[in-house]
Amino acid sequence: MQSRFIAYILITLSILFLVPDCFAVEHGFKFVSFADYYGGIEYSDGYENLRSRLFFRPEYSANFEDFGSEIIISANLWAQPIGDPNFIDPYDIPNEVYFSKKTELFDFTVGQKLITYGFADIYGPFNAPHSTNQTLLSLDDQFDGRRPDPLFQLRFYPTLEDIVEFTYIPLTRPDKEQPDDVYLPETHDTVVWDDSSYLTDNLHSFFMNYKRYGENLDIQLLYGWYTEHTPDFVVTNISSSNSYDIKPEYHHKHTIGAAYATRVGNTTLSQDFALNITDDFSGKDLAAQDSDITVNTQILANLPWNILSQYTIVYCYFFNHDEYDRQSDSKAAEYLAEQFHDFHNQPYQHILFFVGHFEKSFLREKLKAQLNMGFFFSPNIYVAPRLAYSITDTSRLETGIEYTFGKPKDIDLRRNPSNDNFFIRFIMQY
Amino acid sequence: MKKIIITLISFVLIISPLSAGKTVEEILAEFDKTISVPSLQGTFTVKLISKNGDTREIKARAYQKLVDNKQNNRLFIFDFPPRVRGTGLLVHSFLDGRDNNMWIYLPTVKRVKRIALESSGGGYFMGSDFTYRDLIANDLNNMKFELLEEKTMNGTESYVIKCWGKNQEVIKDLGYSYMISYYKKENSVMHRREFFDSDSKLLKIYQVDDFHVSGKYHYPTKITMTNVQTEHKSIIEVTEISTKDIPERYFTTRYLTDK
């Protein structure tokens, strides 16, 4: 695996530096660095150190204007100075590293790059490319949330308003899950995570995306056949009496989607519709994801006193929910199904949840206050206030809280057991 | 940076002529011709200076093109401060009553979002002395005008024109009870505007200190907006001005994300 990775890096760098240097080059350099600290304020656990980071992200860009080309090389580096020593996984160090060639009608990109689809900012059903860091302590962490994949991308611009995009991702990564195995007490099984940096057993992902930015309406269409970054699990025996290791397994998935964004009065409305077809469409496998239809509706509006607000409503319908095979031990099957359904965010056949974002600036935009509120399908209410103060043009101080009202669900396979926390972060940016 | 962004730079690009009586119409029509540059691009530096001398800076590249007599396209790319670097705003303005189309590109999330600028209300843009509402062209049918006098202002012989909303709703929307503008007698170029608050007290002064002259066009290149009540001011300087034709592809979401 390591040799494959090194070979990939070498090939990518070779492509980058084979670009002739006889053209006019505009060099760019960006640098973001921060130190942050997270403390746990979960009522049942008491106060605890959760995480600290010294984070650095340098980025170099070279724009070959005469050649219509661009090179981006950026890296992530972090270390944990407080608590147990911890460092970034070496495979996560290369961030975006790619070469782009642009012509009047086409763009071609090769390398490692982040791509986004759809109009929804959060819980977008089109956001299928790239793995997600599921161990984040803030849902809005901008720096460590998604990991780019190596890809080849071709964009075609038939008109000034239309974009047709084809993306091929040869190999991708699994979602980053919690580091420790999880014991399931009612069946005596243990969920063992796959700590591979790349998924080499289930290669090849492909996305086709059409975008149109028109006078009154923006449209996107998406088809993706891709390696799902969230695992299904292999449960060989459903039994309360015998213990087994339950291992993750990654399957391909289809996503077919349509989205639009338009202006309605002084607000902007967007909706993303997606049909996701998983490997287990019949729903027989209790540890596999169910297929679903997801609709994400987003409204952006200004409230009185210049408060910017954005409302996101997500509805999901899961096909064949609870159609799983119970084998001979229905009690164990129901327990395991509850664990895996919750892990896959599919606890009921229908789910509906709402997230509101409110933002206001003070002191001529030196101080920014934000509030995120989530009303999820469970009784929990999620509240996340944020404050950011710009000390200078290049430095700022941020702080915030993640707080969930109500008792967390009693699920052994919860993805984020430490719900409630606060953070403080000092950022410098050049 | 999700807050709807439109640069104060655009203030100098979209100063909307106000028209009413014949004399006023003549002045404003002439002013409109001097500022309606078919293609224009430049680099803008905005210094925000507080009462105690604390200074912040915004840098952006701006591109404008008059597509025809019904459409005006603008593109803004921010280069400084670093937290907004790469953020872009694309505006397609229509002069025939249709709603503006606006898209913002946010590099941190790599997403192009359609936005509605008018919902930004009266807040100050990026800490400057320009409100978001200052940057939106006024519906001429909603305004009233009066030529007050001819007066020498800052050594320049000027026409002085007052304008205000025709009803309370428009006045509330504008955020000012009225404005007084000064146009050079020699060529009708506006070089100063005073904004009065809801109590009819002087609130802000927009002062053009320098122009780029290209043929019949006079484009402001140094502007000071001073809030006389808070003593905060914003100084805009425009450099690297070019009036070369800008390709249509600049005013697309492709260019918004690429630059």
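A, B, ... follow the sequence lines: proteins, then strands. Residue 1 opens every chain.
Contacts between A:K211 and chain B at a heavy-atom distance below 4.5 Å are absent for every atom of the residue. Interface residue A:E104: only backbone heavy atoms are found under 4.5 Å from chain B. Contact annotation for A:E215: both backbone and side-chain heavy atoms come within less than 4.5 Å of a heavy atom of chain B. Only the side chain of A:N127 comes within contact range of chain B, with heavy atoms under 4.5 Å apart. Heavy atoms of A:A388 lying under 4.5 Å from chain B are absent altogether. Proximity to chain B is limited to the side chain of A:Q298, based on heavy atoms less than 4.5 angstrom apart. When heavy atoms are compared at a cutoff of 4.5 Å, A:L269 does not approach chain B at all. For a residue to count as touching a neighbouring chain, one of its non-hydrogen atoms must lie under 4.5 Å from one of that chain's; by this rule B:F80 touches chain A with the side chain only. Proximity to chain B is absent for every atom of A:R146, based on heavy atoms less than 4.5 angstrom apart. Of the atoms belonging to B:Y255, not a single heavy atom falls under 4.5 Å from chain A. For A:I163, the part sitting under 4.5 Å from any heavy atom of chain B is the side chain, from C-beta outward, and nothing else.
For the pair B:K110 and A:E96, the salt-bridge criterion is met [side-chain N within less than 4.0 Å of a carboxylate O]. In summary, B:D129 and B:K204 do not engage in a salt bridge, as defined by a charged side-chain N under 4.0 Å from a carboxylate O. The existence of a salt bridge linking A:E59 and A:R57 is excluded, since no basic side-chain nitrogen approaches an acidic carboxylate oxygen closer than 4.0 Å.
Looking only at heavy-atom pairs under 4.5 Å with chain B, the residue among A:L363, A:T262, A:N216 that has the most is A:N216. For the set B:D54, B:T108, B:V112, the entry with the most heavy-atom pairs within less than 4.5 Å of chain A is B:V112. Your options are A:T268, A:T116, A:D218, A:L160, and the one with the most heavy-atom pairs under 4.5 Å with chain B is A:D218. Comparing A:T392, A:L114, A:D393, A:V32 by heavy-atom pairs within less than 4.5 Å of chain B, the highest count is held by A:D393. Interface check for chain B: of the options A:F143, A:W305, A:Y213, the most heavy-atom pairs under 4.5 Å are formed by A:Y213.
Looking at every heavy atom in both residues, B:L48 comes nearest to B:S234 through CD2-OG, 3.7 Å. For the residue pair A:H130 and A:I115, the shortest heavy atom distance occurs at NE2-N, 2.7 Å.
Counted within 6.0 Å of NZ on B:K222, heavy atoms from surrounding residues, nucleotides or ligands total 12 or fewer; the atom is thus considered open. More than 12 heavy atoms of other residues, nucleotides or ligands lie within 6.0 Å of NZ in B:K65, so this atom counts as buried by the packing criterion.
There is no side-chain donor-acceptor pair under 3.5 Å between B:N73 and B:Y63. Side-chain N/O atoms of A:T312 and A:D121 include no donor and acceptor closer than 3.5 Å.
Ring planes of A:F99 and A:F67: tilted class, angle from 30 to 60°.
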